[in-house]
Amino acid sequence: QLQLAESGGGLAQPGGSLTLSCAASGVNFDDHAIGWFRQALGKEREGVACIRGRVGATGYIDDVKGRFTIARNNAKNTVDLQMNSLKPEDTAVYYCARGTYCTLQAIHYNSWGQGTQVTVSS
C-alpha cells in the first residue's frame, strides 16, 4: 500500500538548515519520481525539487538551486530534502508526492503526503 509521510519540519533561523524526509512505503524509487512541493499561506502550491530513477535525476526551481539538495536515502527508504541558507520566504507547508516523471508541476503527481510545516524566522 502506498503511503507517503513527511517529517523534519520545524522552526529555523534565517541562514539556518533543516532536513525534511519523505518516507515512502510502497514506492519503487527506480520506477517513480518523488517531488517536494511547498505552499505558503495565501499562495499556490509550487514545486521545489524532484528526483527520479536509479540514477537519481534531479530538478530544482531556480529559487532553491545551490541551497536545497534532494537525495535518496536507500538505507532508510526515504527521499530527503536538505535545506540550507534558509530564508523567511521559504516558510511554507512542505509536501512530498509520487509521480512518474521528475517534474515540478503538481498535476503530474498522484499521491501526496500530509505535509510538514517549515517556519523560517528570527
**Item:** Least distance between heavy atoms, T103 atom then Y109 atom
**Value:** O-OH, 2.6 Å

**Minimal non-hydrogen separation, D63 against K87, with atom names** = OD1-NZ, 4.2 Å

Can you list, pair by pair, the side-chain donor-acceptor contacts under 3.5 Å of residues 3-17, counting residues two or more places apart and other chains?
{"unit_1": "E6", "atom_1": "OE1", "unit_2": "Q114", "atom_2": "N", "d": "3.0"}
{"unit_1": "E6", "atom_1": "OE1", "unit_2": "G115", "atom_2": "N", "d": "2.8"}
{"unit_1": "E6", "atom_1": "OE2", "unit_2": "C96", "atom_2": "N", "d": "2.9"}
{"unit_1": "E6", "atom_1": "OE2", "unit_2": "G115", "atom_2": "N", "d": "3.3"}
{"unit_1": "S17", "atom_1": "OG", "unit_2": "N84", "atom_2": "OD1", "d": "2.9"}

Listed partners of [X] passing side chain to side chain donor-acceptor pair (under 3.5 Å), at least two apart:
| X | result |
| --- | --- |
| S21 | D80 |
| K65 | D62 |
| T119 | Q117 |

**Prompt:** A106: what forms a side chain to side chain contact (heavy atoms under 4.5 Å, CB included) with it, not counting sequence neighbours?
**Reply:** F37, W112

**Request:** Applying side-chain contact (heavy atoms from CB on, under 4.5 Å), run through L20 and M83 and close with a yes or a no.
**Result:** CA-CA 8 Å; L20 306 183; M83 306 188 295; 3.7 Å; yes

Nearest 0.5 Å, what's the [atom1]-[atom2] distance between [X] and [Y]?
| X | Y | atom1 | atom2 | result |
| --- | --- | --- | --- | --- |
| I70 | Q82 | CD1 | CD | 12.0 Å |
| L104 | Y60 | CG | OH | 10.5 Å |
| Y94 | L18 | OH | CG | 9.0 Å |

Tell me which donor-acceptor pairs under 3.5 Å the side chains of residues 39-50 have, and how far apart each pair is, sequence neighbours excluded?
{"unit_1": "Q39", "atom_1": "NE2", "unit_2": "K43", "atom_2": "O", "d": "3.1"}
{"unit_1": "E46", "atom_1": "OE2", "unit_2": "R38", "atom_2": "NE", "d": "2.7"}
{"unit_1": "E46", "atom_1": "OE2", "unit_2": "R38", "atom_2": "NH2", "d": "3.1"}

**Request:** Taking only Lys NZ, Arg NE, NH1 and NH2, and the carboxylate oxygens of Asp or Glu, determine whether R67 and D90 approach each other closer than 4.0 Å.
**Result:** yes

